[in-house]
Amino acid sequence: MKQKLALCLQQAVLAAQQQGTLVTMPPEVIIEHPQNPGHGDFASGLALKLARSMKMSPLAVAHKISEYLSLPPEIDKVSVVSPGFINFTLRDEWLKEQVETILNAGESYGNLDLGKGSLVQVEFVSANPTGPLHVGHGRGAVLGSTLTNILAAAGYLVEKEYYVNNMGAQIDNFTRSLYARYQQCLGREVTMPSEGYLGNYMIDLAQEIVSEYGNKLLNLPQEEAITKISEIGLEKMMAGIKEDLRLLRVDFERWFSERSLYEEGQYNKAMAILQGGGYVAKRENAIWFESTSLGEDKDNVLVRSDGSPTYFASDIAYHYNKFMERRFHTVINIWGADHQGHIPRMKAAIRALGIDPEQLKIITYQLVTLRRGEEIVKLSKRSGDIISLREVIDEVGVDACRFIFLSRSADSQMDFDIELAKRQSVENPVYYVQYAHARIASILRLAEQRVIDYSQGDVSLLSTEPELTLIRRLILLPESMEDIATTLQPHYLPYYAQDLATAFHSFYKQCRVISQNEALTKARLKLVKASQIVLAKTLHLMGMTAPEKM
RNA sequence: GCCCCUGUAGCUCAGUGGAUAGAGCACUGGCCUCCGGAGCCAGGUGCAAGGGUUCAAGUCCCUUCAGGGGCGCCA
């Protein structure tokens with residue numbers, strides 16, 4: 001609709017030009033929603049922009065443009081208002097028909113063809129399997145899963161992936177820590193590695209291994225024992241992470257192993273390309289990626305002086321695989337703000353591989369501070385004292401967790417106060433929205449009990465202000481989805497859900513649905529059903545449940 | 001020191017260069033013969049500070065202040 005109106009305005013200006021009444025063209029026509037409903041459904045400040053170069057008053061320009069406007073059938077009227085806005089109001093009849101449109105579309109209402117089937121990979125969470133997930137990972141998980149829901153509904157072929165970092169210094173550290181704990185469990189006096197993982201979960205993990213394997217691993221040669229224990233530990237850690245994510249309703253098409261990049265040759269191939277491009281140099285016994293030649297402020301190590309590749313080298317190989325082997329058109333990585341410094345060198349590496357850096361989109365989200373009232377809970381895995389994501393989910397509930405994570409923009413830091421989240425469980429926006437859905441379900445149940453067949457309901461009877469306001473809200477869903485798919489910022493969705501719920505509650509209060517008036521009852525039941533479809537869709541996009549009863 | 005993010009109502013946060021800056025929580029009043037009162041309606045205070053660009057700035061640019069993150073042969 002916005003595009004349609006923008007086009008109309010453009011054509012009007014063009015027509016005016018041909019008649020010689022207007023001369024310049026604006027760079028682009030922006031259509032917005034006026035905040036004041038009295039100003040109609042859409043508005044454009046086009047005339048204000050043109051006025052200066054026209055040497056005319058904005059109002060005069062607006063009037064001139066409106067003279068040449070040929071309106072689409074959806075629009076009822078156009079008005080020109082001081083200081084020069086052109087406002088459009090939707091036709092009531094068209095609005096009412098949208099109820100039928102929604103009913104016919106059902107769950108697919110709002111789906112778009114923006115992506116035209118292009119392949120998009122979204123990689124998120126990807127936490128090291130060296131400890132349980134914490135709330136920060138939860139934020140990334142919810143962000144990623146919601147975004148992928150929307151991209152899929154917007155016509156992209158989306159693949160969700162978790163990158164498993166199963167090698168490198170932190171994994172060695174994890175392994176040594178676990179081996180030490182394992183030996184301690186069996187009564188040996190060994191000390192933990194200096195920078196080791198000190199959390200209690202490591203002791204639990206060691207005990208679990210003891211109960212399954214006894215002291216069998218103790219009798220192996222140390223190197224063999226460490227390899228074995230690493231394998232067992234990582235597998236158990238990953239199983240826990242998968243379970244946490246499942247509870248949060250986050251799933252992945254693929255769990256991609258970092259190690260496989262070395263076993264299956266992507267690492268060698270990617271390095272060969274960098275070498276061929278002349279981006280690689282050996283210095284101080286290490287191998288460097290010369291990102292400075294691509295405008296970076298410093299070079300980065302690919303292979304350490306001890307011969308082991310860095311995380312950065314792995315990541316280059318990984319992206320080689322994503323783009324060159326798996327042919328994703330767009331790759332979206334969702335990272336915590338602590339990885340922000342990794343972005344420029346990754347972009348540089350992508351360019352060195354011969355890929356357009358625009359195809360790699362990186363979303364960073366600011367870190368989460370977990371607190372319980374006034375008390376701040378630190379999230380460091382290594383120091384040990386953490387509250388896991390699972391504990392938070394158990395305490396607060398999945399729906400509330402998801403909603404809270406979603407309703408802040410990724411750019412802003414967030415305090416997650418467990419006490420507050422729980423307290424709000426009774427009276428907060430999460431339940432406000434779900435309550436609207438339960439209420440709708442209840443009305444529809446009653447209609448069913450009374451055997452009211454509203455399939456022939458006449459939507460043209462929906463004419464009061466609350467009904468039309470509700471419809472206006474309903475039809476904003478596709479536009480919201482488009483905005484989110486374009487900006488990759490899903491935090492608008494919970495706000496939309498609240499506005500929709502408000503419009504419904506208000507309608508419910510003012511308009512009796514099931515009444516003596518049979519025709520009106522059927523028409524309103526159609527509207528109620530359409531509201532259910534849109535509300536449920538919104539909740540499902542957010543990964544939340546749409547309860548029939550509460 | 002350099003780079004990134006943030007600063008909006010008492011609190012938690014929205015706000016695509018446009019018209020009177022919004023929502024939830026908290027606080028105060030109303031509203032249940034009838035479909036779910038976990039609801040509806042009403043009530044007020046605010047864009048960190050200072051410059052600039054623009055017909056128009058919470059939004060763009062610069063400076064200062066404050067908070068968070070980064071600047072590893074960690075990931």
Side-chain angles (χ1 to χ4, degrees), chain A residues 30-36 38-39 43-45 48-49 51-52 57-58 81-85 87 126-128 130 165 168-171 173 195 258 284-288 297-298 300-306 308-312 314-315 335-344 364-367 369 382 404 407-417 420-421 423-424 426-432 434-436 438-447 449-450 483 486-487 491-492 494-495 498-499 501-502 504-515 521 524-525 528 549-550:
Chain A
I30 293 169
I31 305 287
E32 59 190 353
H33 294 288
Q35 33 184 303
N36 182 342
H39 291 140
S44 173
L48 294 160
K49 291 192 169 68
R52 165 161 267 205
S57 81
V81 184
S82 177
F85 287 102
N87 297 335
S126 300
N128 276 352
T130 53
N165 299 120
Q170 290 310 322
I171 298 300
N173 189 1
E195 294 283 300
E258 178 181 7
E284 301 148 26
N285 266 330
I287 296 174
W288 295 74
D297 17 336
K298 60 188 189 85
N300 297 95
V301 172
L302 294 169
V303 182
R304 303 181 183 98
S305 44
D306 69 0
S308 63
T310 60
Y311 166 83
F312 182 44
S314 291
D315 225 6
W335 294 344
D338 52 340
H339 286 62
Q340 169 261 121
H342 190 50
I343 298 173
T364 57
Y365 57 89
Q366 297 298 312
L367 301 182
T369 308
R382 231 170 298 172
I404 291 169
S407 46
R408 278 119 179 118
S409 92
D411 280 339
S412 66
Q413 291 167 237
M414 120 178 223
D415 273 9
F416 193 106
D417 184 339
L420 194 66
R423 186 142 34 91
Q424 289 185 347
V426 193
E427 286 181 29
N428 79 3
V430 184
Y431 296 91
Y432 177 79
Q434 290 183 320
Y435 179 70
R439 200 174 224 184
I440 288 170
S442 163
I443 297 169
L444 295 175
R445 273 195 303 273
L446 182 69
Q449 275 167 30
R450 302 205 182 158
D483 286 347
T486 309
T487 61
H491 72 273
Y492 180 63
Y495 291 92
Q498 272 180 89
D499 289 343
T502 298
F504 181 80
H505 285 309
S506 179
F507 153 78
Y508 173 87
K509 186 71 180 178
Q510 295 173 73
C511 304
R512 172 87 202 171
V513 178
I514 297 172
S515 67
T521 295
R524 285 183 171 165
L525 280 169
V528 169
K549 288 180 180 173
M550 287 174 72

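Computed over heavy atoms, backbone and side chain alike; hydrogens, waters and symmetry mates excluded. To find a chain, count down the sequence lines: A is the first, B the second, and so on, and within it residues start at 1.
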In whole Å, what separates the [atom1] atom of [N] from that of [M]?
N: B:G72; M: B:U63; atom1: P; result: 24 Å
N: B:A66; M: B:C27; atom1: P; result: 35 Å
N: B:A49; M: B:G44; atom1: C1'; result: 24 Å
N: B:A56; M: B:C5; atom1: P; result: 27 Å
N: B:G67; M: B:U8; atom1: C1'; result: 16 Å
N: B:G58; M: B:G50; atom1: P; result: 13 Å
N: B:C11; M: B:U16; atom1: C1'; result: 27 Å
N: B:G18; M: B:A57; atom1: C1'; result: 9 Å

Exercise. How does RNA chain B look in dot-bracket notation if pairs are Watson-Crick or G-U with both distances under 3.5 Å, crossing ones as [ ], other-strand ones as |?
Worked result: (((((((..((((....[...)))).(((((.......)))))....(((((..]....))))))))))))....
Nearest whole Å is fine: how far is [N] [atom2] from [X] [atom1]?
X: A:M414; N: B:G7; atom1: CE; atom2: P; result: 15 Å
X: A:Y508; N: B:C40; atom1: OH; atom2: P; result: 12 Å
X: A:I171; N: B:A75; atom1: CD1; atom2: P; result: 9 Å
X: A:H342; N: B:C73; atom1: NE2; atom2: P; result: 14 Å
X: A:F504; N: B:A38; atom1: CZ; atom2: P; result: 15 Å
X: A:E195; N: B:G72; atom1: CD; atom2: P; result: 17 Å
X: A:Q366; N: B:U6; atom1: CD; atom2: P; result: 7 Å
X: A:D499; N: B:A14; atom1: CG; atom2: C1'; result: 10 Å

Test side-chain contact (heavy atoms from CB on, under 4.5 Å) applied to [X] - qualifying residues, sequence neighbours left out:
X: A:R304; answer: A:D306, A:S308, A:T310
X: A:S57; answer: A:L59, A:A60
X: A:I31; answer: A:K2, A:L5, A:A6, A:L9, A:V29, A:F42, A:S44
X: A:Q510; answer: A:P466, A:S506

Could you tell me which residues satisfy ring-ring contact (aromatic ring centres under 6.0 Å, His included) with [X], sequence neighbours excluded, listed by chain and number?
X: A:F507; answer: A:F504
X: A:H39; answer: none
X: A:F416; answer: A:F405
X: A:Y495; answer: none

For a quick check of understanding: with a heavy-atom distance under 4.0 Å over all strands, which category does [X] fall into, base, sugar-phosphate or nothing?
X: A:I514; answer: base
X: A:S407; answer: sugar-phosphate
X: A:Y492; answer: nothing
X: A:Q340; answer: base
X: A:A410; answer: nothing
X: A:K549; answer: base
X: A:D315; answer: nothing
X: A:A337; answer: sugar-phosphate

Problem set entry | A:R304 vs B:C74: side-chain N/O to OP1/OP2 distance below 4.0 Å | yes
For this session: Would you please confirm or rule out a distance under 4.0 Å between OP1 or OP2 of B:A14 and any side-chain N or O of A:S412?
Result: yes
Shortest non-hydrogen contact from [X] toward [Y]:
X: A:T364; Y: A:A410; result: O-CB, 3.7 Å
X: A:L48; Y: A:P58; result: CD2-CB, 3.7 Å
X: A:A286; Y: A:S305; result: CB-N, 4.0 Å

Among [options], find the nucleotide with the atom closest to the side chain of [X].
X: A:L446; options: B:U6, B:G69, B:C35; answer: B:C35
X: A:R408; options: B:A14, B:U6, B:G69; answer: B:A14
X: A:S506; options: B:A75, B:C41, B:C13; answer: B:C41
X: A:R439; options: B:G24, B:G68, B:G37; answer: B:G37
X: A:A286; options: B:G69, B:C73, B:A75; answer: B:C73
X: A:Y495; options: B:A14, B:G67, B:G36; answer: B:A14
X: A:Y432; options: B:G39, B:A14, B:A75; answer: B:G39

Exercise. Start at the 5' end of RNA chain B and walk down; is the nucleotide closest to A:V513 or to A:H505 reached first?
Worked result: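 So the residue in question is A:V513.
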Problem set entry | Pairwise 5' ranking along RNA chain B for A:F507 and A:E284, keeping only the more 5' one |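 It is A:F507, whose closest nucleotide lies nearer the 5' terminus.
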Seminar exercise, completed: Going 5' to 3' through nucleotides 15-20 of chain B and flagging B where a protein heavy-atom sits under 4.0 Å of the base, S where only the sugar-phosphate is that close, and - otherwise, we get S--BBB
Exercise. Do A:L446 and A:R450 touch side chain to side chain, with heavy atoms closer than 4.5 Å?
Worked result: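 Of all side-chain heavy-atom pairs linking A:R450 with A:L446, at least one is under 4.5 Å.
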Exercise. Hey, does A:N165 have a side-chain heavy atom less than 4.5 Å from the side chain of A:Q170?
Worked result: no
Exercise. How would you list, by chain and number, every residue that makes a side-chain hydrogen bond (donor to acceptor under 3.5 Å, both in side chains) with A:H505, sequence neighbours excluded?
Worked result: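 Checked A:H505 against side-chain hydrogen bond (donor to acceptor under 3.5 Å, both in side chains); matches are A:R439.
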For this session: Calculate, to the nearest 0.5 Å, the distance between atoms OH and CE belonging to A:Y431 and A:M550 respectively.
Result: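 The CE atom of A:M550 is 7.0 Å from OH of A:Y431, to the nearest 0.5 Å.
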Could you write out each protein N or O paired with an N or O of nucleotides 30-33 of chain B at a distance under 3.5 Å?
none

Exercise. When syn is taken as a glycosidic angle within 90 degrees of 0, is B:C32 syn or anti?
Worked result: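 B:C32: syn glycosidic orientation.
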